Amino acid sequence: MNNADIAQVFEELADLLELRGENAFRVRAYRTGAKAILELNRSVKEILADATTPLQSIAGIGDTLAQKCQTLIETGKLPQLEELRAQTPPVLIQMTRIPGLGAKKAMALQKELNLQSLEELRQACEQHKVRDMKGFGAKSEQQILDGLAIAEQASMRLRIDQAERLVFRLRGHLELCTAIKQLEFAGSYRRGKETVGDVDILVVSDSPTVVMDQLESFPGRLSTIARGDTKMSIRVEAQFQVDLRVVAAESFGAALQYFTGSKEHNVAIRSRARKMGMSVNEYGITNLDGSQPPMYGTTEQELYSKLGLSWIPPELREGRHEIEWAESGASIPDLITVEAILCDLHMHTTESDGSNTIGEMIAAARKRGLKYIAITDHSKRVSMARGLNEERLLKQWEEIDQINATLEGAFRVLKSVECDILEAGPLDIVDEVLAQADWVIASVHYGQKQSRDEITKRIVDALQNPNVDIVAHPTGRLLGTRPPYEVDMEAVIATAAQYSKALELNSSPYRLDLCEQHLIQASAAGVPIAINTDAHSIDGLEVIHYGVLQARRAGLLKSQVLNTWPLEQFLRWCDRG
DNA sequence: GCCGTTTTCGGCCCGACTGTTTTCAGTCG
């Protein structure tokens, strides 16, 4: 059982307890515990073996959860979970995915109608068995029928680039409305999450009705879920949900803070306010004794400041350590920014599967303000991409030498390769050639289905090769389409730390690999991160901002990101021996 | 189930909207 497995167990426990109508705070305690364990930079097993640091010293882990961790490590299972699973019909979990059906209603339906599947629920609705139940009616019966169809599609989340395109369209449509004085997209989109489950729009206006009419006329709208005085929700293509909230100008900051979340961050903010004798809601801050109308809500800065905090970048608002950082006297870390990126260390050209030449990539990179790049075409094993053998590679490097000579120091192209880690373990390019490169990327493209031990050994071995500087897209995941390899990332991060190697954060919105948790763990272990685009064309260089967002979410500092280092510093690191 | 600059017990963020209700529970974010 590794940390991710244990976190998974606690998450499932939380789901099951919630379904059974357990105390909401108990449920939250399990979720908090799961999150805390997922983000640890040591394994629970290791901590348990070390008597000097009890598990209970971790915030969110008390005696009960610590005990359960011990049981899981020792036996690999948890009787409580197995018992709960046995007592809970699987259909209950499925039912709660239907919009409008929560734990209470799902439970009531399942018990009363003795349901075993969603199909039986559909039949019950069609036979009008639901409308006569207490607390239900004809409308909720229809809502369940509609919801059954939606639940099948709506589990989908949008990748950040897809969300960005939807936001662009929504913004264009709403900006036509003159009643809108201010417009901001909030929620997980503003926090820069790799995927978003819905889009949240915040608007300042004196005429909420006019604003809602405008959203109602959005060309992509499929249906309206709810519409009240200040709040409205619609569905667009693929049943994706869009929420709108209209507030007055004096509440814009408080509403933006509230609507940006995360839920955990908001709970932390409001708890803090409470301890200070105040109450925070989306309109502003009031005194708990009601002696003052809502204030300090015009801007987010104002609100945070009243709570003794500096403004917190949205990417950090996940209920981790951001409140401690923002407390008076402390400072928010010097987070990585797009402007601080000086180079791109992973890109392809027409020599392999890219669609632009080296010259075109250089021009595009310089236009973006970069100071140096690495050309990293595929090695020969990737035959589909016309990967380079040793001979072609050496020839390409000669060409790069000539190009660098003409650039006269104004810009630098690094000789490199994205060298495959072959299925059997060795690298696809011989060491004598790799040794002549400025920078070597190793990556896995084949044999992704190998066992945990096999694929971990391949990557760990590659990191130990003195010619290799970094492993690219270390888990191989493709968001929404391909799960990560079975790789043991704890071992990979430990090896990278031990051998002074880097790990990649691949900026492609399809990958964003490493994920947030692994970035947190890698940076805690002192492993430098390279944020690269893996561009296959000049347009591909633009995705860098997705990588930077992901890195900011993990709290990465400029100094921890290779791409911010001036060329000389970077080359010294490459020559570390 | 967790936690403590009042607390080892009694709190735990806060409000909008809907549908089924005659004053509110459930759901959602």
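Just so it is clear, the model here is predicted, and its values are computed rather than measured. Chain A is the first sequence line, chain B the second, and so forth, proteins listed ahead of strands; every chain is numbered from 1.
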Hey, does [X] reach any base, or is it just sugar-phosphate, or nothing, if we go heavy atoms under 4.0 Å?
X        : answer
A:Thr230 : sugar-phosphate
A:Phe136 : sugar-phosphate
A:Ala24  : nothing
A:Asn266 : nothing
A:Leu65  : sugar-phosphate
A:Ser279 : sugar-phosphate
A:Val27  : nothing
A:Ala268 : nothing
A:Gly261 : nothing
A:Ala186 : nothing

- Message: Please identify the 5'-most and 3'-most nucleotides of DNA chain B with any atom under 4.0 angstrom from a heavy atom of chain A.
- Response: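 Reading along DNA chain B, I get B:dG1 to B:dG29.
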For nucleotides [N] and [M], find the distance between their [atom1] atoms and express it as a whole number of Å.
N      : M      : atom1 : value
B:dT8  : B:dG1  : C1'   : 14 Å
B:dC13 : B:dT21 : P     : 31 Å
B:dC14 : B:dT20 : C1'   : 24 Å
B:dT6  : B:dG11 : C1'   : 12 Å

Residue pair [X] / [Y]: nearest heavy atoms and the distance that separates them:
X        : Y        : value
A:Leu166 : A:Phe240 : CD2-CD2, 3.6 Å
A:Leu65  : A:Ala29  : CD2-O, 4.0 Å
A:Ser233 : A:Asp243 : OG-OD1, 2.7 Å

- Message: Set out, in order, the CA-CA distance, both residues' side-chain angles and the distance that settles side-chain hydrogen bond (donor to acceptor under 3.5 Å, both in side chains) for A:Glu490 and A:Gln521, then state yes or no.
- Response: CA-CA 8 Å; A:Glu490 284 172 26; A:Gln521 289 161 357; 5.6 Å; no
- Message: One thing to verify: whether A:Arg31 and A:Glu11 come together as a salt bridge, which I'm taking to mean a side-chain N less than 4.0 angstrom from a carboxylate O.
- Response: yes
- So, A:Lys77 and A:Glu82, do they make that salt bridge, N to O below 4.0 Å? no
- Task: For A:Ser117 and A:Glu119, run side-chain hydrogen bond (donor to acceptor under 3.5 Å, both in side chains): C-alpha distance rounded to whole Å, both residues' side-chain angles, the deciding distance at 0.1 Å, then the answer.
- Result: CA-CA 5 Å; A:Ser117 69; A:Glu119 185 48 39; over 6 Å; no
- Starting at the 5' end of DNA chain B, which residue's closest nucleotide do you reach first, A:Arg274 or A:Asn23? A:Asn23
- Item | 5'-most by nearest nucleotide on DNA chain B - A:Ile225 or A:Ile58 |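 Looking at the nearest nucleotide for each, A:Ile58 comes out on the 5' side.
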- Would you check, one step at a time, whether the test salt bridge (Lys or Arg N to Asp or Glu O under 4.0 Å) holds for A:Lys129 with A:Glu112? CA-CA 10 Å; A:Lys129 287 180 182 167; A:Glu112 177 101 9; over 6 Å; no
- Item | Per-nucleotide pairing state of DNA chain B [Watson-Crick or G-U, under 3.5 Å; [ ] pseudoknot-crossing; | other strand] | ((((....)))).((((((....))))))
- Considering residues, nucleotides and ligands other than A:Lys35, do more than 12 of their heavy atoms fall under 6.0 Å from its NZ?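 Yes - once you tally the heavy atoms of other residues, nucleotides and ligands closer than 6.0 Å, there are more than 12.
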- Task: Among A:Glu300, A:Glu264, A:Glu322, find the one that has a salt bridge (charged side-chain N to carboxylate O under 4.0 Å, His left out) with A:Arg317.
- Result: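 Testing A:Arg317 for a salt bridge (charged side-chain N to carboxylate O under 4.0 Å, His left out) against A:Glu300, A:Glu264, A:Glu322 leaves exactly one candidate, A:Glu300.
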